[in-house]
Number of protein chains: 2
Amino acid sequence: MISALSNQWLQALQADGCRITRSRKVIVDLLLNSDRALGPIEIYDLARKEYPALGLVTVYRTLEKLEAMGLIQRVHLPDGCHRYLRSTQGHEHLLLCTQCGKVVTFSGDDFSKLSDRVSQNTGFLIQEHWLQLFGVCPDCRKHL
Amino acid sequence: MISALSNQWLQALQADGCRITRSRKVIVDLLLNSDRALGPIEIYDLARKEYPALGLVTVYRTLEKLEAMGLIQRVHLPDGCHRYLRSTQGHEHLLLCTQCGKVVTFSGDDFSKLSDRVSQNTGFLIQEHWLQLFGVCPDCRKHL
DNA sequence: TTTAAAATGAAAATCACTTTCAATAAGGAT
DNA sequence: ATCCTTATTGAAAGTGATTTTCATTTTAAA
Ligand SMILES: [Mn+2]
Ligand SMILES: [Mn+2]
Ligand SMILES: [Zn+2]
Ligand SMILES: [Zn+2]
């Protein structure tokens, strides 16, 4: 399944001097159609169903490239810190299902007041924040 | 340097069925007196200055035990997710210096409104949140 | 002391990830 | 369509962190 977005990513790769290969198509496609963060081995196993000749090294190399281009982002989870997800747009954060891993994004957090206060109290110059919410998605709530 | 807190931790270990050993004393002491999160190898190297016979395996085993007991917590950073820090008390979060790694805690964040809104919008049951601030500590600001 | 169980470190094993390299495939030029 | 340069590939070897195994040592309770 090659979507419009998929072509967009492949063209972005090409514009960056890369060639469009079957390996990359399969990996890009998986990442674009997943609603949860995937790790290298996971991607490797899933992708080989579509393209058995794929090598694990190529998965690592493709993830590295896609991350460098800002198309995907690394996600930290309690049980693994090398999962990848398509990048969020602008100032968005993640909400993850602790049961099935499903990810949705949200925005509208406002840390300005907190940030100012903490800066006052600590003398730190505050640069950025990491925020992630964890919970149970609608589907998993049914089976809870 | 064996502080009161250090004895408290060692007694907690003992109460849990563990024995108090020189290895554990040294490791506990390092963790209690550090103002930044330490990784296993880092702890190993620092601890051997005090106790050269210490084995790396023992560092891993001790960290595992201390984390299981809730005395230390794992910290995620952009460049490594296996650093450990004494656990925060109650509802506290971390503010980390991106230059030297120094950690301070803060509290007083209020996610109730955000949490309610996101829950409404997504149908997720929200359970917990990860929040970390990054910045430059007072000392490092001087040399910036 | 004695003794049973816990803890230890060396060494080997495992695991995720990276590097190397010779062969292959992509795609621009012709 | 065919060449030709260069990027990409997978296999295999290498690396570094973490875990397992096991014979020996240490702890602390009796
Ligand atoms: Mn934010
Ligand atoms: Mn992490
Ligand atoms: Zn779910
Ligand atoms: Zn600093």
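Quick note on labels: first sequence line is chain A, next is B, and so on, each numbered from 1.
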Name each donor-acceptor pair under 3.5 Å that joins a side chain in residues 64-76 of chain B to protein atoms two or more places apart or in another chain, with its distance.
residue : atom : partner : partner atom : Å
R74(B)  : NE   : C81(B)  : O            : 2.6
R74(B)  : NH1  : P78(A)  : O            : 3.4
R74(B)  : NH2  : C81(B)  : O            : 3.4

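- Between the side chain of R19(B) and the base of dA5(C), at least one donor-acceptor pair of N or O atoms lies under 3.5 Å.
- For the pair Q14(A) and dG27(C), the criterion of a side-chain N or O lying under 4.0 Å from OP1 or OP2 is met.
- At least one side-chain nitrogen or oxygen of T21(A) sits closer than 4.0 Å to the OP1 or OP2 atom of dT9(D).
- Residues F111(B) and I126(B) fail the side-chain proximity criterion, which asks for heavy atoms closer than 4.5 Å.
- In this structure, F106(B) and H93(B) have tilted ring planes: the angle between them lies in the 30° to 60° band.
- Remark: E42(B) engages R36(B) in a salt bridge, criterion side-chain N to carboxylate O under 4.0 Å.
- Nucleic acid contact for L54(A): sugar-phosphate only, since backbone atoms but no base atoms lie under 4.0 Å from a heavy atom of the residue.
- Between H129(A) and D109(A) the shortest side-chain heavy-atom distance falls below 4.5 Å.
- Ion pairing between a basic and an acidic side chain is recognised when a charged N comes within 4.0 Å of a carboxylate O; K113(A) and D110(A) show no such pairing.
- Of the residues in residues 59-67 of chain A, those with a non-hydrogen atom less than 4.0 angstrom from any atom of DNA chain C are Y60(A), R61(A).
- Proximity of S23(B) to the phosphate of dA7(C): no side-chain N or O atom is located under 4.0 Å from OP1 or OP2.
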